[in-house]
2 protein chains.
Amino acid sequence: MVVPTARSRCEDERITAFGMLLEAHAAVTSVVNRELEATAGMPITWFELLIRLSRSPEQRLRMSELAGQVGLSHSGLTRLVDRVIEAGFVQREACPDDRRGAFAVLTPAGGAALDSALDGHLESIDRHLVTPLGPEGLARLTDLLRTLRDASPTGASPSSACPTGPSPA
Amino acid sequence: MVVPTARSRCEDERITAFGMLLEAHAAVTSVVNRELEATAGMPITWFELLIRLSRSPEQRLRMSELAGQVGLSHSGLTRLVDRVIEAGFVQREACPDDRRGAFAVLTPAGGAALDSALDGHLESIDRHLVTPLGPEGLARLTDLLRTLRDASPTGASPSSACPTGPSPA
DNA sequence: GTGCAACCGTTGTACCTGCAACCACTCTAG
DNA sequence: CTAGAGTGGTTGCAGGTACAACGGTTGCAC
């Protein structure tokens with residue numbers, strides 16, 4: 001019956017797990033982002049935005065839905081879409097059913113940009129995610145992370161659209 | 001022997017895995033950060049900074065080492081330390097061996113702040129990381145993430161200091 | 001149909017971060 | 001001792017994000 005000291009509590013496995021999530025994410029994304037920027041001249045946020053649109057019916061998504069999927073605030077998404085529109089990869093379209101709403105729609109140029117970025121990006125992910133983990137580890141990690149995402153109150157609900165893979169099984 | 005189309009490649013499990021890393025990280029950290037801010041009035045970056053210091057010998061770390069551990073650039077860490085110093089949780093100290101270098105040292109106030117933040121933070125992590133995964137899932141996740149971090153060219157090398165748990169085994 | 005709360009998306013503002021340039025210091029070669 | 005390259009840390013600057021406040025629209029209660 002030892003009283004936990006601050007020191008001992010700092011070694012808690014929960015703290016470790018959380019810290020690991022931060023570190024692994026920072027390590028992987030910073031490298032992958034750098035490589036994507038080098039090979040495709042496009043930040044990772046753009047890529048994630050474009051791929052969500054490309055996977056959606058009619059290559060379009062409501063702003064709010066998109067914000068949820070890429071994990072940005074509404075205002076953050078507005079600015080991001082502004083920049084991507086400026087590049088010609090996306091265009092805004094009014095929503096006929098709800099005059100408040102707006103769609104972000106993938107343009108042909110956007111589709112082409114995504115396509116040409118894809119190979120390098122896949123290679124990059126291979127290097128920094130697949131190779132270290134192995135195919136089996138990758139599958140387990142994906143599963144665990146999906147559980148986390150779906151358990152979180154934030155973001156897109158598990159049922160909505162296809163937020164990066166609608167769960168296998 | 002089907003040629004992979006852009007569409008089919010977008011469904012690639014590697015893309016999914018990477019997207020899941022982004023989503024899970026965003027979902028978990030945003031909630032945990034919000035909660036920590038509410039209960040301890042301290043952003044997650046401060047907490048991570050303080051806990052690294054508290055785990056280090058003499059509660060001090062060189063700026064570069066610290067930058068590596070919290071996954072920030074040198075300039076980013078300089079500013080962060082500036083802010084935390086302003087709050088009185090840390091102080092700078094000259095390095096006697098190398099007059100270029102500087103230490104960040106945890107102050108008693110910093111230790112106290114860390115201590116009082118710890119309980120709420122642990123609870124928060126419990127809710128959003130441990131409960132959804134279960135103890136076994138948590139262990140597996142930690143292991144996989146550690147593998148990722150250590151494989152990455154970025155950040156602290158596995159051997160350095162104790163970057164959130166010096167690997168068991 | 002009128003009022004009111006809730007919602008969608010944008011804008012003003014402040015904060016945080018990285019990159020590049022910089023200064024101070026150390027180390028090595030000659 | 002000195003020159004020059006390399007390292008540790010800080011500063012100027014630009015870019016990206018969140019929070020709060022706003023205008024426009026919808027849906028519900030009455």
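Letters A, B, ... mirror the listed sequences (proteins, then strands); counts begin at 1.
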Nearest-Å distance for atom pair [atom1]/[atom2], residues [X] and [N]:
{"X": "A:Arg34", "N": "C:dT17", "atom1": "CZ", "atom2": "P", "value": "16 Å"}
{"X": "A:Leu77", "N": "C:dC8", "atom1": "CG", "atom2": "C1'", "value": "12 Å"}
{"X": "B:Asp98", "N": "C:dC23", "atom1": "CG", "atom2": "C1'", "value": "14 Å"}
{"X": "B:Glu48", "N": "C:dC16", "atom1": "CD", "atom2": "P", "value": "17 Å"}
{"X": "A:Glu93", "N": "C:dG9", "atom1": "CD", "atom2": "C1'", "value": "16 Å"}
{"X": "A:Glu37", "N": "D:dG15", "atom1": "CD", "atom2": "P", "value": "13 Å"}
{"X": "A:Asp97", "N": "D:dT25", "atom1": "CG", "atom2": "P", "value": "15 Å"}
{"X": "A:Leu66", "N": "C:dG9", "atom1": "CG", "atom2": "P", "value": "10 Å"}

*Just how far is it from atom CE of B:Met63 to atom CG of B:Leu77, taken to the nearest 0.5 Å?*
4.5 Å
*Just how far is it from atom CE of A:Met42 to atom CG of A:Leu50, taken to the nearest 0.5 Å?*
5.5 Å
*Sugar-phosphate, base or nothing in reach of B:Arg62, heavy atoms under 4.0 Å*: sugar-phosphate
*asked:* What's B:Leu72 touching, base or sugar-phosphate or nothing? Going by heavy atoms closer than 4.0 Å.
replied: sugar-phosphate
*Give a yes or no on whether a salt bridge exists between A:Arg92 and A:Asp82, defined as a side-chain N under 4.0 angstrom from a carboxylate O.*
yes
*Output yes when A:Arg52 and B:Glu23 qualify as a salt bridge under the 4.0 Å nitrogen-oxygen rule, no when they do not.*
yes
Under 3.5 Å donor-acceptor pair, [X] side-chain atoms to [N] base atoms:
{"X": "B:Arg99", "N": "C:dC25", "value": "no"}
{"X": "B:Arg100", "N": "D:dT7", "value": "yes"}
{"X": "B:Arg92", "N": "D:dG8", "value": "no"}

Nearest to the side chain of [X], which nucleotide is it out of [options]?
{"X": "A:Arg79", "options": "C:dT11, C:dC16, D:dG9", "answer": "C:dT11"}
{"X": "A:Arg83", "options": "D:dG16, D:dG9, C:dT17", "answer": "D:dG16"}
{"X": "A:Ser75", "options": "D:dA20, C:dC16, C:dC25", "answer": "D:dA20"}

_B:Ser64 side chain near D:dG9 phosphate (N/O to OP1/OP2, under 4.0 Å)_ = yes
*Want to settle it: does B:Met63 or A:Trp46 sit nearer the 5' end of DNA chain D, counting the closest nucleotide to each?*
B:Met63
*For B:His121 and B:Glu35, does a side-chain donor sit closer than 3.5 Å to a side-chain acceptor?*
no
*Could you pick out which residue, B:Leu80 or A:Thr78, lies toward the 5' side of DNA chain C when each is mapped onto its nearest nucleotide?*
A:Thr78
